[in-house]
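Data block below; observations after.
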Amino acid sequence: MSDTLYTVESGTSAQVVAKLLRVLLPDARTVLDMTYGSGSFWRGTNADVEVTGIDINPGRAKHVCADFTRLPFADDSFDVAIFDPPYHTDMGRGKASVMGARFGAYPSLDRLYTAVVEGCFEADRVSRLGMIVKVQDYVHSSRLVEMTQWVRDALERPAYQRVDLVRPHKLLDPKWGEQLSAYSNSATFLVYRHGDQRHIRRRRAAALEAAS
């Protein structure tokens, strides 16, 4: 896989996150992964950062068990905050769901929206340099759910960069019936920087201090 970062990428989330950090947030040394899960952002990665992983599930929390919408950290505790909320809602209508069991789910779109907005506020609060939010636009119950717009509305400022990750094949639930809408086979990474969001050369604080 190329080391060059493109607006549309293929590969794994970890590969894309490593590129985002290297190109857009090269001055970052510490990262808070607010939804660590199975550690998919860091699996086989070459990202040169110190990662603190939290999860609401004690069995999946790498370092701290906590809710990403209410973080137990002070303002500006980390250089970068990153999170990837569950996208699914009311899965299976009370029945077992392959997708819901694998990725987690919220009982309603309203609850999902609230979680994403609160997660954006928390990521903005605890990060010193900026944040990365992974979301997905998709169709649910004949309605287009634009999670990317939720993030923009919550943070009330333009993103520094948008990168879309495309999967060649989508995981399908065998219980799904006739296809009535286009299946989403992509996810979007929205990157925000605090302060000046111009695309300029940046280096790590340690490197700057050594050079001064």
Side-chain angles (χ1 to χ4, degrees), residues 13-14 16-17 20 31-42 51-78 80-127 130-160 162-165 171 173 183-184 186-192 194:
S13 290
V16 173
V17 167
L20 293 174
V31 176
L32 175 66
D33 187 338
M34 300 163 53
T35 50
Y36 188 83
S38 61
S40 61
F41 281 160
W42 318 106
V51 178
T52 299
I54 73 169
D55 200 281
I56 197 169
N57 182 339
R60 293 158 67 93
K62 179 71 171 178
H63 299 103
V64 179
C65 183
D67 185 341
F68 75 90
T69 66
R70 293 171 178 79
L71 297 174
F73 303 108
D75 297 356
D76 303 328
S77 294
F78 302 88
V80 174
I82 182 170
F83 76 102
D84 176 15
Y87 306 153
H88 304 290
T89 58
D90 56 30
M91 299 293 293
R93 302 188 186 281
K95 300 178 182 179
S97 164
V98 171
M99 303 295 282
R102 179 167 179 177
F103 299 109
Y106 283 91
S108 68
L109 277 176
D110 287 342
R111 289 282 297 278
L112 173 59
Y113 172 82
T114 298
V116 170
V117 169
E118 291 178 344
C120 287
F121 291 161
E122 285 293 85
D124 202 30
R125 181 182 67 79
V126 302
S127 60
M131 73 201 78
I132 302 172
V133 186
K134 181 185 177 185
V135 289
Q136 185 178 101
D137 294 337
Y138 63 100
V139 172
H140 177 73
S141 297
S142 302
R143 169 185 171 185
L144 179 61
V145 180
E146 296 184 274
M147 296 181 73
T148 52
Q149 191 61 50
W150 295 357
V151 176
R152 295 189 190 98
D153 290 346
L155 295 173
E156 297 183 328
R157 63 183 188 272
Y160 182 53
R162 169 181 174 148
V163 171
D164 292 304
L165 172 61
L171 178 64
D173 192 321
Y183 293 145
S184 175
S186 65
T188 299
F189 291 85
L190 294 173
V191 181
Y192 286 82
H194 295 302

Min side-chain heavy-atom separation Arg157-Asp124 under 4.5 Å = yes

Heavy-atom side-chain proximity of Leu32 to Leu71 below 4.5 angstrom = yes

task = Hey, could you give me the OG/CG distance between Ser186 and Leu165, rounded to the nearest 0.5 Å?
result = 8.0 Å

ask   = What are the two closest non-hydrogen atoms of Ala81 and Met34, and how far apart are they?
value = CB-SD, 3.8 Å

message = With a 4.5 Å cut-off on side-chain heavy atoms, are Met147 and Val116 touching?
response = yes

inquiry  = For the OH atom of Tyr160 and the CG atom of Leu190, what is their distance to the nearest 0.5 Å?
reply    = 14.5 Å

request  = Evaluate side-chain contact (heavy atoms from CB on, under 4.5 Å) for Arg162 paired with Arg152, printing each intermediate quantity in order.
outcome  = CA-CA 11 Å; Arg162 169 181 174 148; Arg152 295 189 190 98; 3.3 Å; yes

query = Is there side-chain contact between Tyr36 and Ile54, with at least one heavy-atom pair below 4.5 Å?
reply = no

remark   = Rounded to the nearest 0.5 angstrom, the SG-OH distance for Cys120 and Tyr192 is 7.0 Å

Atom pair CH2/CG of Trp150 and Leu112 - distance to nearest 0.5 Å = 4.0 Å

Side-chain donor/acceptor of Thr35 to backbone N/O of Pro85, under 3.5 Å = no

message = Within the 4.5 Å heavy-atom criterion, are Val145 and Gln136 side-chain neighbours or not?
response = no

query = With no hydrogens and no angle check, is any side-chain donor or acceptor of Asp55 less than 3.5 Å from a backbone partner on Gly37?
reply = yes

task = Would you mind reporting whether Lys134 and Ile132 have side-chain heavy atoms less than 4.5 Å apart?
result = no

query = When rounded to the nearest 0.5 angstrom, what distance separates CG in Asp33 from CZ in Phe68?
reply = 11.5 Å

task = For Cys65 and Asn57, work out which heavy atoms get closest and say how close.
result = SG-C, 4.3 Å

ask   = Do Met131 and Glu122 come close enough that some side-chain heavy atom pair is under 4.5 Å?
value = no

query = Is the Phe41 ring parallel, tilted or perpendicular to the Phe189 ring (thresholds 30°, 60°)?
reply = tilted

inquiry  = When you compare the side chains of Asp110 and Ser108, does any donor N or O come within less than 3.5 Å of an acceptor on the partner?
reply    = no

message = Taking Glu118's backbone N and O only, do any of them form a donor-acceptor pair with Arg70's side chain (distance below 3.5 Å, no angle check)?
response = no

query = Going through the checks in order, is the side-chain contact (heavy atoms from CB on, under 4.5 Å) test met by Val31 and Phe78?
reply = CA-CA 6 Å; Val31 176; Phe78 302 88; over 6 Å; no

inquiry  = Are the side chains of Arg143 and Leu109 in contact, using a 4.5 Å heavy-atom criterion?
reply    = yes

key: Between CD1 on residue Ile82 and CG on residue Leu20, distance to nearest 0.5 Å   = 7.5 Å

inquiry  = The criterion is side-chain hydrogen bond (donor to acceptor under 3.5 Å, both in side chains); which residues satisfy it with Asp137, sequence neighbours excluded?
reply    = Thr148

